[in-house]
Amino acid sequence: MTKQNANWSPYDNNGGTCVAIAGADYCVIAADTRMSTGYSILTRDYSKICKLADKCVMASSGFQADVKALQKQLAARHLIYQHQHNKQVSCPAMAQLLSNTLYYKRFFPYYSFNVLGGLDNEGKGCVYTYDAVGSYERVGYSSQGSGSTLVMPFLDNQLKSPSPLLLPAQDAVTPLSESEAVDLVKTCFASATERDIYTGDKLEIVVLNQEGLHREYMELRKD
Amino acid sequence: MSKSAVDVPFQGGFNFDLCRRNDMLSKKGVKPPSYRKTGTTIVGLIFQDGVILGADTRATEGPIVCDKNCEKIHYMAPNIYCCGAGTAADTEAVTDMVSSQLQLHRYHTGRESRVVTALTLLKKHLFNYQGYVQAALVLGGVDCTGPHLHTIYPHGSTDTLPFATMGSGSLAAMAIFESKYKEGLTKDEGIKLVVEAICSGIFNDLGSGSNVDVCVITKGHKEYLRNHLLPNPRTYVSPKGYSFPKKTEVLLTKITPLKEKVEIIEAGEAMEE
């Protein structure tokens, strides 16, 4: 009898795109709100953005059941941290925690493509980008998800982040103002929606700065 | 006269010689290239004076939209049109081919083409290719015997129906038709229903999108309403616009003259013309 492979997969892809851009004293994290499976739409109003700490927000696309489990895991670990250290976790620390949590399940991964955004200990914007098993890097901007291949080249063209291999180390954050960065994100999503069938419906934009967290929404194409 | 067995190459049709090689490659893990499908919603219905066909305008290559405004309602004859779903190349090729055959037939007979003629030509071709020509069609038209609407499946089977939907959005569109269709619709009611069914496919099926095309065929007259409805405008255009550098950035200019590196040997005869 020839070897038969599994006819059932534990994973599914719910689609969607996430973007994050770091500024001098702010961070913009955005994701669309469409959740789909195959060629059907499950809901037009699902938030992919999760606030992990006061200065740390994560956006994840991929298999939303795994994303939900991951968010719960991180929230529980954050609570323990707060009990032990009597303070909120910083963004770089949370970035490391997320990487470790993902690698812990190296041989049955979370099907979750994450981008973490927030303010570092000096109040500057920071963005960390991940793959499904926890490899991460601090960058000036990133996108993940089904529309990432459409958004990333445009961000590279407009933001042109210096290579992390350059010496002396250059700042990865963009010189754009907060409103310009939000404008850029809106254009990215309007364009990605035109060409990616899994991106659309509504755009959720979260902006983190010293004043706190600000959320806004924008309509996208629903077809 | 000697009898020589000459291997005459098989005329026309597909050549299946490479099937073994493809099989071997797929066992090694080499994936075949994907083709462009229309991932579509196409519909047709019969109303009191004739036939109305409708289609969306999105063409996809996997998860990416490759054409936001393609034409899925193809011309077959002055009184017959055909909507196509499935592989875009197959629908184009098969409708163009049958359209030419119908024209030749019109010259031969001196009469207006009949819908059943187009139907038979299409189904014969598709059955002959055993489903490898992936074209799912909604054929509609009005001829001397009245209005006709047919669906044709990739393997060659056909149905004759008062209302029909095909493509990935067919269930969304059929839900609308099953709820609201009735016999003896007027032209405006019919167009409204077709637009509603296509919109249902556009908004609920990810393989369909963009605009609605409609084609109304009655005895002796047809109306091809390209982009009859545009329910999906771009939601955001940045007010300040974007500038892109006009040319590729020059990072380094270095000129290495090659003349010093080439030895010119004077010996040898000149080339003959």
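The shown structure was predicted, so the numbers you read here are calculated from the model rather than taken from an experiment. Lettering of chains follows the sequences in order, A, B, ..., and the numbering in each one begins at 1.
Looking at B/Asp213, B/Asp67, B/Asp56 one by one, the single match for salt bridge (Lys or Arg N to Asp or Glu O under 4.0 Å) with B/Lys72 turns out to be B/Asp56.
With no hydrogens or angles considered, a side-chain donor-acceptor pair links B/Asn227 and B/Asn69 at under 3.5 Å. A donor atom on one side chain and an acceptor atom on the other are not found under 3.5 Å apart for B/Arg234 and A/Thr193. A donor-acceptor contact closer than 3.5 angstrom links the side chains of B/Tyr242 and A/Thr187. Under 3.5 Å, the side chains of A/Asp201 and A/Thr33 contain no donor-acceptor pair of N or O atoms.
Residues of residues 208-223 of chain A having a heavy atom under 4.5 Å from any heavy atom of chain B, listed by number: A/Met218, A/Glu219, A/Leu220, A/Arg221, A/Lys222, A/Asp223.
Contact count versus chain A (heavy atoms, under 4.5 Å) is highest, among B/Val237, B/Ile202, B/Leu206, B/Ile64, for B/Leu206. Among the candidates B/Ser238, B/Gly201, B/Gly169, B/Gly209, the residue making the largest number of heavy-atom pairs closer than 4.5 Å to chain A is B/Ser238.
Within a 6.0 Å radius of NZ in B/Lys28, other residues, nucleotides and ligands contribute 12 heavy atoms or fewer.
Between B/Tyr181 and B/Phe163, the angle of the ring planes lies from 30° to 60°, which puts this pair in the tilted group.
For chain A, the nearby part of B/Pro233 is the backbone; its heavy atoms alone come within less than 4.5 Å. Of the atoms belonging to A/Thr199, not a single heavy atom falls under 4.5 Å from chain B. In this structure, the portions of A/Asp196 lying under 4.5 Å from any heavy atom of chain B include both its backbone and its side chain. Both the backbone and the side chain of A/Leu184 come within less than 4.5 Å of a heavy atom of chain B.
In summary, B/Asp188 and B/Lys192 do not engage in a salt bridge, as defined by a charged side-chain N under 4.0 Å from a carboxylate O.
No cation-pi contact links B/Lys123 to B/Phe127, judged by a cut-off of 6.0 Å to the six-membered ring centre and 45° from its axis.
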